[in-house]
Amino acid sequence: MSRDTIADIITSIRNADMDRKGTLRIASTNITENIIKILLREGFIENVRKHQEGKNFFLALTLRHRRNRKGPCRTSLNLKRISRPGLRIYSNYQQIPRILGGMGIVILSTSRGIMTDREARLERIGGEILCYIW
């Protein structure tokens, strides 16, 4: 695993979705727990459980799959990392992009915590754009 935990969980979820795996396990940190809570609330993930092995905590995710998907590369979950350690991307609340005309979500890291684009526009605050999900 690299030092970019957000990119690691996005890649793990994307790979598990492409392989049609039902569950996956990721390391638990504060930022990953907040992102997973948003994914659960928005309906991209079915269930989350927290496990402990020794001193380490892990999150066990159950992904949501469509029943009759055809082909190995057709995924129902698309995630894209935007801001990265080498290039941070910030936006004020007026310039937060809309994904698929509002069908997708943007996850932001703001001064009031990690939130979606809709919540940030309602509270009129901007922040660092972490990822797009559609």
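Since we're looking at a predicted model, the values are computed, not measured.
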(request) Would you mind listing the cluster partners of F58? Hydrophobic ones only (ILVMFWY), side-chain contacts under 4.5 Å, chaining allowed. (result) none

(message) If I take atom CG from residue L63 and atom CG from residue D17, how far apart are they, to the nearest 0.5 angstrom?
(response) 6.0 Å

(message) For the backbone of L61 and the side chain of R25, can you confirm whether one donor and one acceptor N or O come within less than 3.5 Å of each other?
(response) no

Can you list, pair by pair, the side-chain donor-acceptor contacts under 3.5 Å of residues 107-115, counting residues two or more places apart and other chains?
residue : atom : partner : partner atom : Å
T110    : OG1  : R112    : N            : 3.2
T110    : OG1  : G113    : N            : 3.4
T110    : OG1  : G113    : O            : 2.6
R112    : NH1  : E123    : OE1          : 2.9

(message) How long is the straight-line distance from CG of D4 back to CD1 of I9, given to the nearest 0.5 Å?
(response) 9.5 Å

(request) State, to 0.1 Å, how close P97 and D117 come at their nearest heavy-atom pair, and which atoms those are. (result) O-OD2, 4.0 Å

(request) Taking the side chain as every heavy atom from C-beta outward, state whether I36 and I26 have any atom pair closer than 4.5 Å. (result) yes

(message) Test your reading of the model: is there a side-chain donor-acceptor pair from N34 to the backbone of N30, 3.5 Å cut-off?
(response) yes

Using distance only, find each side-chain donor-acceptor pair of residues 124-134 under 3.5 Å and give its atom names and separation, not counting sequence neighbours.
residue : atom : partner : partner atom : Å
R124    : NH2  : Y93     : OH           : 2.6
E128    : OE2  : S83     : OG           : 2.6
E128    : OE2  : R88     : NH1          : 3.1

(request) Go through the steps to decide whether E119 and L122 satisfy the test side chain to side chain contact (heavy atoms under 4.5 Å, CB included), and finish with yes or no. (result) CA-CA 5 Å; E119 296 168 347; L122 285 175; 5.7 Å; no

(message) With a 3.5 Å distance limit and no angle check, can you tell me whether R14 reaches the backbone of L79 through a side-chain donor-acceptor pair?
(response) yes

(message) For the CD atom of Q95 and the CG atom of N92, what is their distance to the nearest 0.5 Å?
(response) 4.5 Å

(request) Please answer: with hydrophobic residues joined when any side-chain heavy atoms are less than 4.5 Å apart, are V48 and F57 in the same cluster? (result) no

(message) With a 4.5 Å cut-off on side-chain heavy-atom distances among I, L, V, M, F, W and Y, is there a chain of contacts connecting M103 to I82?
(response) yes

(message) For D8, is there any backbone N or O sitting under 3.5 Å from a side-chain donor or acceptor partner on T11?
(response) no

(message) Run E33 and L59 through side chain to side chain contact (heavy atoms under 4.5 Å, CB included) and show every step you take.
(response) CA-CA 8 Å; E33 285 183 14; L59 295 174; 3.9 Å; yes

(request) Treat each ILVMFWY residue as a node, draw an edge where side-chain heavy atoms are under 4.5 Å apart, and state whether I38 and V106 are in one component. (result) no

(request) Taking only Lys NZ, Arg NE, NH1 and NH2, and the carboxylate oxygens of Asp or Glu, determine whether R118 and E42 approach each other closer than 4.0 Å. (result) yes

(request) Report the distance from atom CG of L40 to atom OG1 of T62, rounding to the nearest 0.5 Å. (result) 10.0 Å

(request) Could you grab the distance from atom CG of L39 to atom CD1 of I13, nearest 0.5 Å is fine? (result) 5.5 Å

(message) Please check if the number of heavy atoms outside R41 that lie under 6.0 Å from its CZ is greater than 12.
(response) yes

(request) Supply the atom-to-atom distance I89 CD1 to R81 CZ, rounded to the nearest 0.5 angstrom. (result) 10.5 Å

(request) Kindly indicate, with the supporting measurements, whether the criterion side chain to side chain contact (heavy atoms under 4.5 Å, CB included) is fulfilled by I105 and I99. (result) CA-CA 6 Å; I105 62 170; I99 306 303; over 6 Å; no

(message) Any side-chain to backbone donor/acceptor pair from R121 onto I96? Under 3.5 Å, distance only.
(response) yes

(request) Would you confirm whether Q52, through its side chain, and G54, through its main-chain N or O, come within 3.5 Å as a donor-acceptor pair? (result) yes

(request) Using the side chain to side chain contact (heavy atoms under 4.5 Å, CB included) rule, take I35 and T32 through it: C-alpha gap first, then chi angles, then the decisive distance, then the call. (result) CA-CA 5 Å; I35 290 173; T32 58; 5.7 Å; no

